[in-house]
Amino acid sequence: MRRRIVPEPGQTLPGQHGVQPAPGGPGTEPWPGAGAGPAQGTRPGSGPGSGPGVPGSGVRETMRTEFTFELPRGYLDESGRVHRTGVMRLATARDELVPLRDDRVRENPAYLSVVLLGRVVERIGTVTDIHAGVIEDLFASDLAFLQDFYRRINAEGHTRAQVTCPSCATGFAVDLAGGRLGES
């Protein structure tokens, strides 16, 4: 089953060139009049009493199931190439139950996260055959990053964290899926 990556508000996907999908819309094409002004760019059925989850509104609710990430160090493949960006999908109940029957997990419960991440990481760089062996070969900092990333997208539903500047005590949000420190 092929999953579609749905960007967060304000985020564009490669090849979109600034065009945002209509919230709840099926594709990435703008709706008629988009960008022409606040009243002209609204979708039909987007006024009061309409919206996702409102019966008869005609607006479909979409759910983001795939999240991009950038590893702190990167996966080093057998040819010596480093892969840093990747995609993780939301876990299903099956993803969390199947590893419990795995003999490696029964022998060592700490191996659960390795098997689980091998199921939900869709790709790292150009590597698309992700399995427990690939996860085992990650640097410890990358494994810890993916474990935290998994927890955030599956338990909290997003990759943002609220932080406070230690110097000025100003609070702000950072996207943990972003690039290197200072780039989010």
Side-chain angles (χ1 to χ4, degrees), residues 1-21 26-29 62-163 172-184:
M1 179 174 154
R2 190 112 172 114
R3 292 180 180 83
R4 184 173 68 121
I5 298 175
V6 179
E8 290 184 349
Q11 176 188 17
T12 59
L13 295 176
Q16 279 188 299
H17 306 292
V19 175
Q20 290 298 311
T28 58
E29 301 78 26
T62 60
M63 183 172 153
R64 185 173 178 195
T65 60
E66 293 184 336
F67 297 81
T68 59
F69 61 82
E70 186 170 340
L71 296 172
R73 295 196 186 274
Y75 169 67
L76 189 62
D77 67 17
E78 58 277 348
S79 66
R81 185 167 177 212
V82 178
H83 305 269
R84 293 194 60 220
T85 59
V87 174
M88 181 185 294
R89 65 174 173 79
L90 288 176
T92 64
R94 180 182 305 263
D95 290 322
E96 294 200 347
L97 293 171
V98 168
L100 298 175
R101 294 185 298 208
D102 191 302
D103 290 336
R104 299 169 294 184
V105 174
R106 287 183 179 170
E107 290 175 22
N108 181 3
Y111 200 73
L112 174 63
S113 67
V114 172
V115 176
L116 185 54
L117 289 172
R119 293 180 61 88
V120 298
V121 173
E122 296 282 311
R123 71 170 176 81
I124 300 174
T126 58
V127 180
T128 56
D129 183 22
I130 306 296
H131 48 81
V134 171
I135 303 299
E136 285 176 343
D137 289 340
L138 290 173
F139 294 105
S141 58
D142 291 332
L143 176 61
F145 171 84
L146 287 177
Q147 289 169 330
D148 183 58
F149 193 74
Y150 175 90
R151 181 186 57 78
R152 287 187 179 278
I153 67 171
N154 285 287
E156 299 171 15
H158 60 81
T159 59
R160 294 177 307 281
Q162 190 66 28
V163 296
F172 57 95
V174 294
D175 187 350
L176 298 178
R180 304 178 70 71
L181 290 176
E183 292 181 359
S184 54

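- Heavy atoms only, all atoms of each residue included: Pro99 and Leu112 are closest at CB-CD1, 3.5 Å.
- Residue Arg89 comes nearest to Ile153 through the heavy atom pair O-CD1, 4.0 Å, listed as atom of the first residue, atom of the second, then distance.
- Nearest approach of Pro72 to Ser141, heavy atoms of both residues: CG-O, 4.1 Å.
- Note that OH of Tyr111 and CD of Glu136 are 3.0 Å apart. Values are rounded to the nearest 0.5 Å.
- The line from CZ of Phe67 to CG of Asn154 is 8.0 Å long, rounded to the nearest 0.5 Å.
- Separating the OG1 atom in Thr126 from the NE2 atom in His83 is a distance of 4.0 Å, to the nearest 0.5 Å.
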Quiz item: Under the side-chain contact (heavy atoms from CB on, under 4.5 Å) criterion, do Ile135 and Ile130 qualify, and how do the steps go?
Solution: CA-CA 8 Å; Ile135 303 299; Ile130 306 296; 4.0 Å; yes

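- Each of Leu146, Thr85, Asp142 was checked for a side chain to side chain contact (heavy atoms under 4.5 Å, CB included) with Phe69, and the lone residue meeting it is Leu146.
- Within the 4.5 Å cutoff, the side chain of Leu90 has no heavy atoms near those of the Arg64 side chain.
- One N or O on the side chain of Arg84 and one on the backbone of Leu71 form a donor-acceptor pair closer than 3.5 Å.
- The distance from the CG atom of Leu143 to the CZ atom of Arg73 is 13.0 Å, given to the nearest 0.5 Å.
- Atom CD of Glu66 sits about 11.5 Å away from atom CE of Met88, to the nearest 0.5 Å.
- Using a 4.5 Å heavy-atom cutoff, the side chains of Asp129 and Val134 are not in contact.
- Here the straight-line distance linking atom CG of Asp103 with atom CG of Asn108 works out to 12.5 Å at 0.5 Å rounding.
- The two residues Ala91 and Tyr150 come nearest to each other via the heavy atoms CB-OH, 3.2 Å.
- Side chain of Arg119 to main chain of Val121: no donor-acceptor pair is present (N/O by atom type, distance under 3.5 Å, no hydrogens or angles).
- Residue Leu100 comes nearest to Glu96 through the heavy atom pair CG-O, 3.7 Å, listed as atom of the first residue, atom of the second, then distance.
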